[in-house]
Amino acid sequence: LFMRQVSGLDMLEHQLKEQLQIEHVIVVSGDSDEAEEVKTELGKAAVTYLKQVLKQQSTIAVTGGSTMAAVADAMTPLNQNMECLFVPARGGLGEQVENQANTICVEMAKKAKGSYRLLYVPDPLSEESYHSIIEEPSVREVLHYIRHADIVIHGIGDALTMAERRKTPADEMKKIKNGNAVGEAFGYYFDKNGNMVHKVRTVGLQMEDVKQAERVIAVAGGKSKADAIQSYFNQGYSNVLITDEAAAMELLR
Ligand code: BG6
């Protein structure tokens with residue numbers, strides 16, 4: 001508690017809340033670009049917050065990424081009567097297995113002692129496959145849960161870092177670069193004003209669903225993500241940000 005007051009994290013939270021015009025901001029100390037422990041702290045802060053807002057039988061949609069992996073790592077059992085359901089937000093998005101939403105969803109659900117449903121769909125998808133796959137009964141059922149999630153918890157990435165990490169095909173890469181994308185979240189790429197310049201075609205949560213969720217929690221830290229975070233919040237898709245001191249200071253500059 002003493003540390004918090006001295007470091008002025010409360011002040012950063014307050015200023016950031018004003019700047020981004022959102023409901024709630026949590027800032028942990030340090031820079032997750034520099035130290036892995038800071039990502040661990042982001043994970044713990046996200047779990048603490050999530051537990052405060054979860055209701056009985058909440059459905060929680062989670063994305064992939066190393067930050068969400070830290071959230072899953074930090075998860076602890078929920079009360080038995082909570083009966084929460086965890087689902088992957090938008091499939092694998094071309095990420096490596098450890099970064100995929102399915103992987104993280106299972107771990108989070110197991111640690112929370114909740115249940116989970118997964119999406120077994122290859123992605124990204126061609127236009128044709130997309131339309132036939134979403135009609136598959138087993139996919140439709142999981143999609144229903146995903147699209148009606150009460151809570152969405154997701155990472156935010158630097159656009160080019162994410163596009164490269166996902167081995168994005170050349171034509172899409174061009175679109176992302178020509179559109180001057182700076183931020184990325186769940187397969188959507190945004191320019192600095194928050195306009196969507198590209199979306200990965202995949203099943204799962206679409207932007208309309210995100211807007212309808214009761215609470216959308218972004219977890220992203222590190223000085224290098226400041227522009228990405230700002231770009232994403234310029235359209236106000238999420239109402240909570242859990243970040244670190246370095247990203248917060250850079251955002252407020
Ligand atoms: C992806 C999410 O898996 O991870 C994105 O779908 C997010 O929403 C990205 O931008 C962030 O990854 P990391 O490793 O920086 O937490």
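Both counts, for ligands and for their atoms, begin at 1 and track the order of listing.
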Near [X], which atoms of ligand 1 are under 4.0 Å from a heavy atom of that residue?
X: Lys225; result: 13 (P), 15 (O), 16 (O)
X: Gly64; result: 1 (C), 2 (C), 3 (O), 4 (O)
X: Gly157; result: 10 (O)
X: Ala185; result: 8 (O)

Next item on the list: Could you tell me whether the side chain of Ile60 reaches within less than 4.5 Å of the side chain of Val62, counting heavy atoms only?
Entry: yes
Notebook entry, point to check: Does the side chain of Arg147 come within less than 4.5 Å of Glu208's, by heavy atoms?
Noted result: yes
[atom] - nearest protein heavy atom and its distance:
atom: atom 9 (C) of ligand 1; answer: Met162 CE, 3.6 Å
atom: atom 1 (C) of ligand 1; answer: Glu95 OE2, 3.3 Å
atom: atom 16 (O) of ligand 1; answer: Thr67 OG1, 2.5 Å

Notebook entry, point to check: Can you find a side-chain donor-acceptor pair between Glu83 and Gln57 that sits under 3.5 Å?
Noted result: yes
Item checked: Shortest heavy-atom approach to atom 8 (O) of ligand 1 - which of Tyr188, Tyr232, Phe186, Tyr189 -> Phe186
Checklist line | Shortest reach to atom 14 (O) of ligand 1 by a heavy atom, considering only Ala159, Ala220, Ser66, Gly221 | finding: Ser66
Notebook entry, point to check: Does the pair Glu141 and Arg117 meet the rule for a salt bridge (charged side-chain N to carboxylate O under 4.0 Å, His left out), with working shown?
Noted result: CA-CA 9 Å; Glu141 196 203 337; Arg117 299 298 303 271; 3.0 Å; yes
Check: Which residues pass the salt bridge (charged side-chain N to carboxylate O under 4.0 Å, His left out) test with Lys44, sequence neighbours left out?
Finding: Glu41
Using a 4.0 Å heavy-atom threshold (strictly under), name the region of [X] that reaches ligand 1: side chain, backbone, both or neither.
X: Thr63; value: side chain
X: Leu93; value: side chain
X: Arg166; value: side chain
X: Glu184; value: both
X: Arg165; value: side chain
X: Met68; value: neither
X: Arg90; value: neither

Note to self: Tell me whether the rings of His198 and Tyr189 are parallel (<30°), tilted (30 to 60°) or perpendicular (>60°).
What the structure shows: tilted
Item checked: Carboxylate-amine/guanidinium contact Lys55 Glu214, below 4.0 Å -> yes
Check: Can Glu107 and Lys111 be counted as an ion pair, charged N to O under 4.0 angstrom?
Finding: yes
Check: Quick one: does His148's side chain have a donor or acceptor within less than 3.5 Å of a partner on His144's backbone?
Finding: yes
Next item on the list: Please round to the nearest 0.5 Å and tell me the distance separating atom CG of Leu42 and atom NZ of Lys39.
Entry: 8.5 Å
Check: Looking only at heavy atoms of Gln100, does any of them come nearer than 4.0 Å to an atom of ligand 1?
Finding: no
